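Bear in mind the structure is a predicted one, so any value in this text is a computation, not a measurement.
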Amino acid sequence: MLPVRGRDGRATRAAHILRVRTAWTPVGDGEFYCPGCGGDRNYQRLTGRRRLTLLGVPLLPRGTAGPVVECAACRHHYGTDVLDHPTTRRFSAMLRDAVHTVALAVLAAGGTSSRTALETAAAAVRAAGFDGCTEEQLAALVDALAADTGRVLGAECGTSLTIELHEALDPLAPHLAPAGRESLLLQAARIALADGPYTPAERDALTTVGAALTICADDVTRLLAAARTPS
């Protein structure tokens, strides 16, 4: 809005006569996590053109505006960086896949001969969203992974498994609070401890998990020690 000097309300009246208005044009749509609504909503991506208007009639161009993201529910406008945040459904899927991949990595490091470790891993994967996951399925996946990569069960975390861990955890880590990242590592540690103390291969796998979750080395050491302490 253009500043106009005046007395006795003349400035206010003039401001209503001369205004800068933005005409928005939709250029895309989709679903996003709206920080205002606090949930998944539809959105429109908008670009705008500013114009000086006289009594609502466009006169002179005043440049461009946006792009912005407009929530279909609350109509608030946000910067396009809001689209970097996953929707609630996408976040749940990312977390589910991360827990599954981490469980496989820990089992591959410790082997699948321990029924207790398999039960602990399967319970964690089911709680994350894979409702039908069984101990037998996890064991079969670990065996298939070893056969496909030529990796020996119980060996240190190999290149292919390290890549899989980073593919699952790198996109998730920025959207997890520190407590959430630590909780995921502690869950992995409890799978490793289900059949006894950490083996060197299990510790190596857990260190890789911690690094992918952007947890510093000192905190990884602290958390692995804390997991050994009975609550």
Side-chain angles (χ1 to χ4, degrees), residues 86 90-228:
R90 175 60 183 151
F91 179 80
S92 297
M94 291 166 65
L95 184 59
R96 179 195 64 202
D97 292 345
V99 171
H100 188 259
T101 302
V102 168
L104 289 178
V106 175
L107 289 174
T112 56
S113 59
S114 168
R115 187 70 184 180
T116 304
L118 283 169
E119 289 173 350
T120 304
V125 173
R126 286 193 295 269
F130 282 112
D131 298 335
C133 179
T134 66
E135 292 82 358
E136 290 72 23
Q137 288 173 344
L138 287 179
L141 284 171
V142 172
D143 291 341
L145 177 64
D148 183 56
T149 61
R151 184 174 181 272
V152 178
L153 293 180
E156 292 187 354
C157 201
T159 302
S160 61
L161 200 50
T162 298
I163 292 173
E164 287 189 31
L165 282 171
H166 278 280
E167 287 178 346
L169 299 178
D170 287 353
L172 176 67
H175 306 293
L176 282 174
R181 296 196 296 271
E182 292 186 358
S183 177
L184 191 52
L185 179 60
L186 284 170
Q187 186 177 67
R190 293 186 187 105
I191 296 173
L193 291 169
D195 58 353
Y198 303 122
T199 66
E202 286 173 337
R203 186 175 288 277
D204 177 70
L206 292 169
T207 299
T208 302
V209 170
L213 289 169
T214 67
I215 301 174
C216 72
D218 288 345
D219 283 340
V220 169
T221 300
R222 172 180 59 82
L223 291 166
L224 296 189
R228 291 199 305 264

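Atom CG of residue Asp143 and atom OG1 of residue Thr112 lie 4.5 Å apart, to the nearest 0.5 angstrom. Taken from CZ in Arg190 to CG in Leu193, the straight-line distance is 9.0 Å, to the nearest 0.5 Å. Within the model, atoms CG of Leu138 and CD of Glu119 stand 11.5 Å from one another, a figure rounded to the nearest 0.5 Å. We find the CD1-OG1 distance between Ile215 and Thr221 to be 11.0 Å, quoted to the nearest 0.5 Å. Distance check: Arg203 CZ to Thr208 OG1 gives 12.5 Å after rounding to the nearest 0.5 Å. Thr120 contributes atom OG1, which lies 8.5 Å from atom CG of Asp195 (distance to the nearest 0.5 angstrom).
Annotation: side chain of His100 is in contact with side chain of Leu141 (closest heavy-atom distance under 4.5 Å). Side-chain contact between Asp97 and Phe130 is present, with heavy atoms from C-beta onward closer than 4.5 Å.
Closest heavy-atom contact between Tyr198 and Ala189: OH-CB, 3.5 Å. Here the closest non-hydrogen pair linking Arg126 and Cys133 is NH1-O, 2.8 Å. Across Ala212 and Leu165, no two heavy atoms sit closer than the pair CB-O, 4.4 Å. Scanning both residues, Val142 and Ala108, for their nearest heavy atoms gives CG1-CA, 3.8 Å. Contact between Ala192 and Leu206 at its shortest, heavy atoms only, is CB-CD1, 4.1 Å. Contact record, Ala194 with Thr116: O-CG2, 3.3 Å, taken as the closest heavy-atom pair.
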Show the atom names and distances, to 0.1 Å, of all donor-acceptor pairs under 3.5 Å that link a side chain in residues 172-187 to residues at least two apart or in another chain.
residue : atom : partner : partner atom : Å
Arg181  : NE   : Leu213  : O            : 3.1
Arg181  : NH1  : Leu176  : O            : 2.7
Glu182  : OE2  : Arg222  : NH2          : 3.1

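Few gaps surround CZ on Arg96; more than 12 heavy atoms of other groups in view lie less than 6.0 Å from it.
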- Task: Evaluate the criterion side-chain contact (heavy atoms from CB on, under 4.5 Å) for residue pair Val102 and Ile191; output intermediate values, then yes/no.
- Result: CA-CA 10 Å; Val102 168; Ile191 296 173; 5.8 Å; no

